[in-house]
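Heads up: the structure comes next, in C-alpha cells.
No experiment lies behind these values; they were computed from the predicted model shown. The chains referred to below are lettered A, B, ... by the order of the sequence lines, with proteins before strands, and numbering in each begins at 1.
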Amino acid sequence: MNNRELSETFTLIANLLEIKGEVIYTTLAYRKAAESLLALAGDVNQLWKDEKLREIPGVGKSIAEKIDELLRTGKLAFLAKLEKEVPAGLAEWLQVSGLGPKKVSLIWKELGITTLQELAAAAKDGKLRTLPGMGEKSEAQILRGIESLSRRSGRIPIGRAWPLARQIIATLRKLPGVVAAEPAGSLRRMRSTVGDIDILVASRDSAQVMETFTMLPGVMEVRGKGETKSSIEFADGVRAQVWVHPPEKFGTALQYATGSKDHNVQLRQLALDKGLSLSEHSLAKTDGSGEVLCATEAEVYAALGLPWIPPELREGRGEVQAARAGTLPTLIEVKDIRADLHTHSTWSDGKLSMIDMARAAARRGIKVIAFTDHSLSLGMVGGLTIKGHAAQAAEIAAIQRELGDSILVLHATEVEIKADGSLDYPDEFLATLDLVLASLHTSLGQERDKVTKRLLQAVRNPHVDIIGHPTGRLIPDRPGADLDMDAILKAAAESGVALEINASPFRLDLEDVYARRAMEMGIPISINTDAHSEADLDMLPFGVAVGRRAWLTAEDVINTWPTEKLLDWLKRRGA
DNA sequence: GCCGTTTTCGGCCCGACTGTTTTCAGTCG
C-alpha cells in the first residue's frame with residue numbers, strides 16, 4: 001500500500017466511526033492521520049521499515065499499529081470489525097450535502113437501507129420526511145445533494161477554479177461599498193486542487209454583496225444565504241462561498257479564512273502565549289481587557305511579533321517557527337523566471353510554429369526558450385525522427401537570425417523514457433542537443449519497483465538535463481506513477497539532474513512536498529510551462545506557485561539563472 | 001486517538017446557517 005491508499009483507508013475508518021457515533025475527537029484523530037499520510041513527503045513504507053511511523057504528525061501508538069498491520073498483511077482486523085457494525089457503503093452518503101453522520105445513522109437504522117440508490121428512492125417516495133427531525137425540505141435537499149454529487153467530480157483543479165474566482169472577485173469589487181475582495185482558503189494558498197472557491201469581502205453593505213453573489217450567471221443553486229456568509233453551486237458542480245466582514249475586521253477574517261487549519265492552530269497557540277485570543281473577528285486580550293481589530297493581515301502577524309507570511313507557506317510545515325526566527329525564505333516570483341525549458345511546436349503536437357512560439361514567449365519577458373518536441377516512440381503526437389531533428393536544427397538556426405537577441409532558442413527534446421527504462425534516442429544523438437528533457441508518458445501503471453528503476457535509469461543518464469513532470473500525474477483523473485520518491489531524490493542528488501515542476505495546472509508535477517525535499521537536498525529545480533499553445537505560456541504562475549509552496553527561492557530554480565550560467569550548467573552536463 | 005517549554009489528563013472546532021423546532025439539533029466550513 002502507498003501513502004494515498006493508507007490515507008483513504010483511515011478516511012474510511014473516520015467516516016464509519018462518525019456514523020457509528022464515536023466521540024468526535026477520535027474521528028478527528030483518524031482524519032488528521034489520513035491528511036498527514038497524504039501530505040507526507042517520503043514513502044510511508046520507508047518510515048515503516050525504519051520504525052519511524054510515530055514521527056508522522058497525528059500518528060500515535062494506535063494508528064501506528066494499524067499502519068503496521070496494513071503494510072504487513074494488507075488487511076486490518078479493526079476495519080473488518082467496524083464494517084460488520086456499519087456498512088461501508090454508508091460512508092459515501094456523507095458526501096451528500098445536507099447529510100451528516102447523525103442523519104445517515106438515523107436513515108440507515110430506521111429504513112434499513114445502505115446504498116445511494118436506495119437513499120434516492122426513499123427520498124423520492126417521501127419516506128424520509130416520516131423520520132423525526134426531517135421534513136419535506138430536508139428530503140428535497142438530500143435529493144438535490146445526490147444529484148449534485150453526480151455532477152461533481154471531486155476536487156477542482158486550480159487551473160479551473162482560479163479564472164472563475166477572478167471573475168467573481170472582479171464583479172464584487174465593482175459594487176459600491178466594497179472595500180476589498182480577495183480569494184481565501186486553499187485557493188489563496190495555491191494548492192493544486194481546491195474543494196471549493198472561498199472569497200472574502202470587506203464591506204458594510206452585506207445585503208448587496210449577497211444579492212449579487214447569489215445572482216451570478218451560471219448559478220444552479222443557492223445553498224445558503226445569510227448576512228455574513230452565502231454559498232452557491234454552479235451548473236458544473238463547482239461551489240463557491242463568500243463571507244462579508246466589516247473593513248476594520250478584514251485582516252483577522254482573511255487570515256482565518258485562508259488557513260490552513262494547521263497554520264491557524266499554531267498561530268492561535270502563539271497568540272495565547274502572548275495573552276491574546278485570535279479569532280475570525282479580532283485579537284482579544286485573554287484577561288478581557290479589550291480587543292485589537294485588524295484591517296490587514298500584516299497587522300495580525302505584526303501583533304503576534306511576526307512578519308507577514310505568504311499564503312503559499314501557510315501549511316503548518318515550519319513556517320511559523322521560521323517567521324519567529326526571521327528565516328522565512330524570499331520566495332521565487334513569476335518575474336524571476338527568464339527561461340522556459342519545456343515547450344512544444346508544430347514539429348510535434350504544439351499548435352504554433354517555433355518562431356511564433358518564441359515571439360509569444362519573448363513578449364512575456366522570456367529570454368531563453370527550449371523546444372522539447374516529442375521523441376519518436378510517442379507516435380500519436382508526431383514524435384521526431386533523428387532526421388527530423390536535423391531539419392528542426394536548421395530551422396532554429398534560421399529563426400534565431402530573425403529573432404536576434406530578443407530570445408535565445410535551444411534545440412532540445414522531450415525524450416520518452418520507454419517502458420523498459422531505455423531512452424528513445426541513442427546517447428550519441430542526445431549528446432548533440434542543447435538540452436535533454438526526459439519524461440514518462442506511457443505504462444504509468446507499472447509496479448513501484450519497476451517504474452522506479454525505469455525512471456532511475458533516466459536520472460542517471462549523464463545526457464539527461466531535466467526530468468519532466470516526474471510522476472506523470474494528471475489532475476484530477478490520473479494519480480501518476482507509484483514512484484519510490486526517496487530513491488529518485490537520492491539518485492537525482494547524486495547525478496545532479498534537475499527535476500521539473502510542470503506548470504500546467506493539470507500536471508503541477510513535482511508536487512510541492514517533493515519539490516521542497518529536492519531543494520533541501522540541493523537538487524536543481526526547473527519550472528516550465530510545457531506549453532503547446534500561446535495560452536499555455538500564461539500558466540507559468542501555477543508552476544511558480546508550487547515552487548513557492550515548496551519554499552523555493554529564485555536561486556533554487558535554474559530558469560531564473562542568467563543565460564551564461566544556465567548554458568554553463570548545460571554544457572557541464574551531458575559531456 | 002493524539003499530544004505536552006504551564007498538563008501523562010484534559011484539551012482538541014466553533015460559529016453561522018437551515019430546518020423543524022417551540023428553544024434546538026444537525027450540518028458545514
Side-chain angles (χ1 to χ4, degrees), chain A residues 10 13-14 17-37 53-67 78 82 93-107 128-142 144-145 148 184-187 194-200 206 210 214 221-233 239-245 249 252-253 256-262 264-270 272-275 277-282 284 286 316 321 324:
Chain A
F10 286 111
I13 291 175
L17 285 175
E18 208 171 12
I19 295 167
K20 189 186 162 195
E22 182 60 78
V23 286
I24 184 67
Y25 296 111
T26 308
T27 65
L28 282 175
Y30 279 104
R31 286 195 203 290
K32 164 89 181 149
E35 278 170 32
S36 291
L37 283 164
L53 288 176
R54 297 283 295 270
E55 290 180 10
I56 303 169
V59 173
K61 183 166 180 289
S62 168
I63 293 182
E65 281 170 5
K66 291 186 175 72
I67 295 175
F78 175 79
L82 186 58
W93 291 16
L94 290 175
Q95 291 175 50
V96 177
S97 111
L99 272 188
K102 298 279 167 50
K103 284 186 179 170
V104 168
S105 175
L106 177 76
I107 296 168
L128 298 184
R129 70 184 70 171
T130 63
L131 301 174
M134 299 193 48
E136 284 180 41
K137 282 192 177 173
S138 313
E139 201 170 62
Q141 186 189 23
I142 288 168
R144 283 201 312 273
S148 157
S186 49
L187 183 68
V194 301
D196 51 26
I197 293 171
D198 294 327
I199 292 168
L200 225 69
S206 145
M210 297 314 189
T214 53
E221 189 191 344
V222 177
R223 303 177 65 239
K225 188 179 172 187
E227 200 180 324
T228 58
K229 172 176 146 189
S230 290
S231 175
I232 55 176
E233 183 170 324
R239 293 174 176 179
Q241 270 90 235
V242 70
W243 285 265
V244 178
H245 288 270
K249 291 183 175 181
T252 42
Y256 175 86
T258 299
S260 66
K261 208 185 297 173
D262 286 343
N264 286 358
V265 165
Q266 291 179 22
L267 229 51
R268 280 201 296 273
Q269 187 55 53
L270 193 62
L272 285 177
D273 296 345
K274 292 183 179 293
S277 160
L278 175 61
S279 80
E280 199 173 351
H281 300 290
S282 70
T286 38
Q321 294 90 314
R324 290 180 79 169

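- Taking the C1' atoms as reference points, B:dC2 lies 12 Å from B:dT8, given to the whole Å.
- Counting only heavy atoms from C-beta on, A:P101 has its side chain closest to B:dT27 among B:dG1, B:dT27, B:dC17.
- Remark: ring of A:Y25 stacked against base of B:dC12; centroid gap under 5.5 Å, plane tilt under 30°.
- Within the nucleic acid shown, A:V222 has no heavy atom closer than 4.0 Å to any nucleic acid atom.
- Nucleotides B:dG26 and B:dT21 place their P atoms 13 Å apart, quoted to the nearest Å.
- Nucleotides B:dC12 and B:dT5 place their P atoms 16 Å apart, quoted to the nearest Å.
- Comparing the same atom, C1', in B:dT20 and in B:dA25 gives a spacing of 9 Å after rounding to whole Å.
- When the C1' atom is used for both B:dT6 and B:dG1, the distance is 23 Å, rounded to whole Å.
- Crowding of A:K225 atom NZ: a count of heavy atoms from other residues, nucleotides or ligands under 6.0 Å exceeding 12.
- Nucleotide B:dT8 forms no Watson-Crick or G-U wobble pair with any nucleotide shown, as no partner meets the under 3.5 Å limit on both distances.
- Listed here is the closest heavy atom pair of A:G58 and A:A33: O-CB, 3.8 Å.
- Using a 4.0 Å heavy-atom distance criterion, A:K32 is classed as making no nucleic acid contact.
- Residue-level contact check: A:E136 touches the backbone only, with heavy atoms under 4.0 Å from sugar-phosphate atoms and none from bases.
- A straight line from CZ of A:R144 to C1' of B:dG19 spans 12 Å, rounded to a whole angstrom.
- Closest to the A:R223 side chain, of the nucleotides B:dG29, B:dG1, B:dC13, is B:dG29.
- Atom CG in A:L128 sits about 15 Å away from atom C1' in B:dT20, given to the nearest Å.
- Rounded to whole Å, the separation between the P atoms of B:dC3 and B:dC13 comes to 14 Å.
- Atom P of nucleotide B:dG26 and atom CG of A:L131 are separated by 13 Å, given to the nearest angstrom.
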Kindly determine whether A:S62 and A:Y30 satisfy side chain to side chain contact (heavy atoms under 4.5 Å, CB included), including the steps that lead there. CA-CA 10 Å; A:S62 168; A:Y30 279 104; 4.3 Å; yes
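- Taking atom P on both B:dC9 and B:dG15, the two are 29 Å apart, rounded to the nearest angstrom.
- Looking at which nucleotide of DNA chain B each of A:G133 and A:Y30 is closest to, the 5′-most match is held by A:Y30.
- In this structure, A:K225 reaches the sugar-phosphate backbone alone: every heavy-atom distance under 4.0 Å involves primed, P, OP1 or OP2 atoms, never a base.
- In this entry the distance linking CZ of A:R239 with C1' of B:dT27 reads 12 Å, nearest Å.
- Using a 4.0 Å heavy-atom criterion, one finds that A:S279 contacts no nucleic acid atom at all.
- Using a 4.5 Å heavy-atom threshold, the side chains of A:L99 and A:L94 count as separate.
- Closest contact between the side chain of A:K137 and the listed nucleotides B:dT20, B:dC28, B:dG29 involves B:dT20.
- Looking at the side chain of A:K103, the nearest of the listed nucleotides B:dG29, B:dT18, B:dT27 is B:dT27.
- Using atom C1' as the reference point in both B:dG19 and B:dT23, the two lie 14 Å apart (nearest Å).
- The separation between A:D273 atom CG and B:dT7 atom P is 13 Å, rounded to whole Å.
- Atom CG in A:L99 sits roughly 7 Å away from atom P in B:dC28 (whole-Å rounding).
- Taking only side-chain atoms of A:S138, from C-beta outward, the nucleotide of B:dT27, B:dG29, B:dT20 with the closest atom is B:dT20.
- In this structure, CD1 of A:I56 is placed 11 Å from P of B:dC3, rounded to the nearest angstrom.
- Protein atom NZ of A:K102 is 14 Å distant from nucleotide atom C1' of B:dC28, rounded to whole Å.
- Residue contacts for A:V23: at a heavy-atom cut-off of 4.0 Å it reaches no nucleic acid atom on any strand shown.
- The existence of a salt bridge linking A:E18 and A:R31 is confirmed by a sub-4.0 Å separation between a basic side-chain nitrogen and an acidic carboxylate oxygen.
- Looking at A:E227 and A:M210, their side chains never come closer than 4.5 Å, going by heavy atoms from C-beta outward.
- For A:R268, the listed nucleotide lying nearest its side chain is B:dC13; candidates were B:dG26, B:dC13, B:dG29.
- In this structure, A:K66 forms no cation-pi arrangement with A:F10, as its terminal cationic atom is not both closer than 6.0 Å to the ring centre and no more than 45° off the ring axis.
- Looking at which nucleotide of DNA chain B each of A:E227 and A:S62 is closest to, the 5′-most match is held by A:S62.
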